[in-house]
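What follows is a short report on a single structure.
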Amino acid sequence: MDRALNITESVNSAHSESADSVLLWLAVDPRFGLTEEQAEIRLGALGPNALETQISRSAWRAFAAQFSSIVIWLLAAAALVSALTGSPLEAIAIVIVLILNAVIGFAIEWQSGRALETLRRASRSTARVRRNGREHTIDAANLVRGDIFLLTAGDHVPADSRLIDSVNLRTDESTLTGESVPVEKSAAAVEKSTPLAERTSMVFLGTNVVAGHALAVVTGTGKDTEIGRVGQLLEGTSRQQTPLETRLGDLGKRLVYLVLGICLVVLAAGFIRGDDPWLVTKISISLAVAAVPEGLPAVTTLILALGVLRMAKASAIVRHLAAVETLGSTTVICTDKTGTLTENQMKVRQVFIPNGRLIELPVDEKNDRDDAVVERLLRVAVLCNQATFHPIEKESFGDPTETALLVMAHEFGVDVAEERARNQKISDVPFEAVTKRMIAVFDAGNAEHRALMKGAPSVVLDACQNYSTGATRTDESLDTESRNRFYQINETMAGIGLRVLAFADKTYESSSTGETGTGYTFLGFVGMSDPPRREVPAAIRGAKDAGIRVVMLTGDQLLTAQAIARELHLSEDNDVFALHSRDLIDADSEQLAEFASRAHVFARVTPEDKLRIVRAL
């Protein structure tokens, strides 16, 4: 059998092994790829690269499930007895109630099931794969472990894969880990104990490439992917009865005892009096049938159906009717951050200028832009940027960080297209994970070039020798004292959960062949984050008023999660108790239960961590 089919343990630790070792385990040459014969063998042994979906019940099974309650069985028995004892009208009435009850429940649950099935059905994707030494575009479902494929900006990652080679690769992993900022990737191995959100040597099914390009080898497909494991965790959870279902079941049992008791008492009394046995039997059965509440299932179903319809108006799909009642018993809501509490869209929140100004966005276009340093910073934000922005549609495309900068410039009143048309680019040095900065060089006129830089604060500040306050035409010298002051500002902005970028520029003679990585003038910081959704604060207040505690479970960074939690007032006194996933590693069930009862935030957690926390609650 193909060697690659017997290396499950090795594949699971692919992030911590070198790319060459992984290729050796998978028995594949990255220049040639698999042969079609190898691919067919592996596809037959491991199955298609598709997530297994739960087998849906047939219509008749779904309809039959509406008759599973003991109260329903009791009513059916009452209808049968009524028909046998000469009360056909009563029997027909009970049957009509049973059928209406089943039809209503079936119609709502079947429609919800179809809606969920539509949501599950992912759009068909393709992969650019290398086989037999040639590149092909194939259906992603036909990818197998060991396939070599290429990724470029805009691609959906078709399977869990180990990077072989990458250039400026960044991926959006918010759907899997909750990380709202694009993750910088490289082919360098990481520690085996590295959390999922920090495995930079891997790319995962369900994520998107926002920048760069790469060559990768498939290490996991279908249910063997990280997102497939999430599905397996969900399948392993058992469905529990809701409080209403439990109480109706208890009521049904009591009614059975009551009905049998009535029959026995009436029969005994009739026989003692010497009445006609058939008449006594008929009377006892009639009294027993009368004791059965025929309207109870119908009323219950109708009330729950109204709840489902109200939920549907709020764009919430309820799969089972009884789940509506369960919502009324909720005491804790565990929620993700990215895309749930937040918009899943980076936005600039603060701009710091070296003269001490801190501009909060949204801005007053006339006042806030009336600053020479702000103008220079905005120029860097627009020109040292590879994203695009359409002001009419208010749409932007590209890296989320860069699109946020273009939206910021637009809010300041900058015409992005006009600014770019006015400046002729000469060269650029794209952002890389190693250098952590981007440089773009433009023709400044008068035989001069203007170099613009943006990147990590420490990297940009190290490249600067001056800073601009805008007070004079002459830039100030960036001495040790001022440098430390700017570092402190950076730490303060990062401490409230902002992702901070620094900006700088310099002008030099076009005939100069000097280094473009030094001699810059520092222009300021821009702090951005994924802001809370507008409707979320009111929703959290409503939950608190209803006695429900809200807990954030996210794969995002701890500081970022804490900042959002404070902004949304998850804690009554705004003293947010937050835990990192590493705090849960050695926690036993009692410790985890204590953490779950007190914490407002769990950061950097995996799907397995989330399941453990919910079970502890």
Side-chain angles (χ1 to χ4, degrees), residues 2 4-5 7-8 11-12 14-15 19 22-23 26-54 117-166 169-177 182-183 185 187 196 199 201-232 234 607:
D2 197 317
L5 303 182
I7 55 169
T8 305
V11 170
N12 287 341
H15 60 279
V22 175
L23 291 168
L26 293 167
V28 61
D29 182 344
R31 296 166 298 178
F32 188 82
L34 297 176
T35 65
E36 291 295 342
E37 291 75 18
Q38 285 178 310
E40 286 181 14
I41 293 173
R42 299 186 188 196
L43 185 63
L46 299 175
N49 178 35
L51 299 179
E52 294 181 355
T53 56
Q54 185 177 5
E117 196 62 35
T118 301
L119 289 176
R120 287 196 199 101
R121 200 176 297 121
S123 59
R124 179 176 174 177
S125 61
T126 59
R128 188 177 159 200
V129 69
R130 185 175 292 169
R131 287 182 182 173
N132 292 324
R134 297 175 57 191
E135 292 182 7
H136 308 269
T137 298
I138 66 171
D139 191 323
N142 295 324
L143 278 176
V144 297
R145 193 179 296 171
D147 258 327
I148 305 295
F149 69 98
L150 295 92
L151 284 172
T152 58
D155 287 349
H156 299 290
V157 178
D160 283 11
S161 308
R162 176 64 163 87
L163 292 174
I164 301 170
D165 185 30
S166 68
L169 187 70
R170 279 174 284 170
T171 61
D172 175 5
E173 297 185 349
S174 58
T175 55
L176 180 64
T177 66
V183 181
K185 299 287 185 176
L196 180 66
R199 294 179 186 175
S201 59
M202 300 287 294
V203 288
F204 303 102
L205 174 65
T207 62
N208 303 307
V209 179
V210 297
H213 56 88
L215 184 71
V217 58
V218 176
T219 57
T221 60
K223 62 182 178 60
D224 294 324
T225 60
E226 291 297 333
I227 202 167
R229 291 177 61 222
V230 174
Q232 288 179 304
L234 293 177

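Treat the numbers as computed from the prediction; the structure is a model and nothing was measured.
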- Query: In chain order, what residues pass the side-chain hydrogen bond (donor to acceptor under 3.5 Å, both in side chains) check against Thr175, with sequence neighbours excluded?
  - Reply: none
- Would you say the side chain of Leu23 lies within less than 4.5 Å of the side chain of Val217, judging by non-hydrogen atoms? yes
- Message: Quick one: does any side-chain atom of Lys185 pair with a main-chain N or O of Val203 as donor and acceptor, under 3.5 Å?
- Response: no
- Message: Between Leu46 and Val144, is there a side-chain heavy-atom distance shorter than 4.5 Å?
- Response: no
- Task: Please report the shortest heavy-atom distance between His156 and Leu151, naming the atom on each side.
- Result: O-CD2, 4.4 Å
- Item | Reported CG-to-CZ distance for the pair Leu215 and Arg128, which is rounded to 0.5 angstrom | 10.0 Å
- Is a donor on one side and an acceptor on the other found under 3.5 Å between the side chain of Asp160 and the backbone of Leu205? yes
- Looking at residues at least two apart in the chain, or sitting in another chain, which of them share a side chain to side chain contact (heavy atoms under 4.5 Å, CB included) with Ala159? Asn49, Leu143, Ser161, Val218, Thr221
- On a heavy-atom basis, the closest approach of Gln38 and Ala27 is NE2-O, 4.2 Å
- Nearest heavy-atom neighbours spanning Gly33 and Val28: C-CG2, 3.7 Å
- Task: Could you grab the distance from atom CZ of Arg130 to atom CG of Asn132, nearest 0.5 Å is fine?
- Result: 12.5 Å
- Item | Separation between OG1 of Thr126 and CD1 of Ile138, rounded to the nearest 0.5 Å | 9.0 Å
- Query: Taking the side chain from Arg162 and the backbone from Ala14, do they hold a donor-acceptor pair closer than 3.5 Å?
  - Reply: yes
- Note on the structure: Sequence neighbours excluded, the answer for side-chain hydrogen bond (donor to acceptor under 3.5 Å, both in side chains) partners of Ser201 is none
- Query: Hey, mind stepping through Met202 and Thr219 against side chain to side chain contact (heavy atoms under 4.5 Å, CB included) and telling me if it holds?
  - Reply: CA-CA 9 Å; Met202 300 287 294; Thr219 57; 3.5 Å; yes
- Task: Would you check, one step at a time, whether the test side chain to side chain contact (heavy atoms under 4.5 Å, CB included) holds for Val129 with Glu135?
- Result: CA-CA 6 Å; Val129 69; Glu135 292 182 7; over 6 Å; no
- Task: Could you check if a side-chain atom of Ile164 sits within less than 4.5 angstrom of a side-chain atom of Ile148, using non-hydrogen atoms only?
- Result: yes
- Item | Test item: Asp139 side-chain N/O and Ala141 main-chain N/O as donor-acceptor pair under 3.5 Å | yes
- Message: Are Leu34 and Arg42 packed together at the side-chain level, in the sense that at least one heavy-atom pair is separated by less than 4.5 angstrom?
- Response: yes
- Item | Close side-chain approach of Glu226 and Phe204, heavy atoms under 4.5 Å | yes
- Grab the two heavy atoms, one from Ala19 and one from Leu163, that are nearest each other, plus how far apart they are. CB-O, 3.7 Å
- Message: For the CG atom of Leu43 and the CG atom of Asp147, what is their distance to the nearest 0.5 Å?
- Response: 9.5 Å
- For Ser166 and Leu169, indicate whether the former's side chain and the latter's backbone hold a donor-acceptor pair under 3.5 Å. no
- Query: Who passes salt bridge (charged side-chain N to carboxylate O under 4.0 Å, His left out) against Asp224, sequence neighbours left out?
  - Reply: Arg145
- Task: Kindly write out the residues that satisfy side-chain hydrogen bond (donor to acceptor under 3.5 Å, both in side chains) with Asp172, not counting sequence neighbours, or none if the list is empty.
- Result: Ser174
- Query: Rounded to the nearest 0.5 Å, what separation is found between the OG1 atom of Thr177 and the CZ atom of Arg199?
  - Reply: 11.5 Å
- Message: Under the salt bridge (Lys or Arg N to Asp or Glu O under 4.0 Å) definition, can you give me all pairs with a residue in residues 28-37, not counting sequence neighbours?
- Response: Asp29-Arg31, Glu36-Arg131
- Query: How long is the span from the CG atom in Leu176 to the OG1 atom in Thr171, to the nearest 0.5 Å?
  - Reply: 9.5 Å
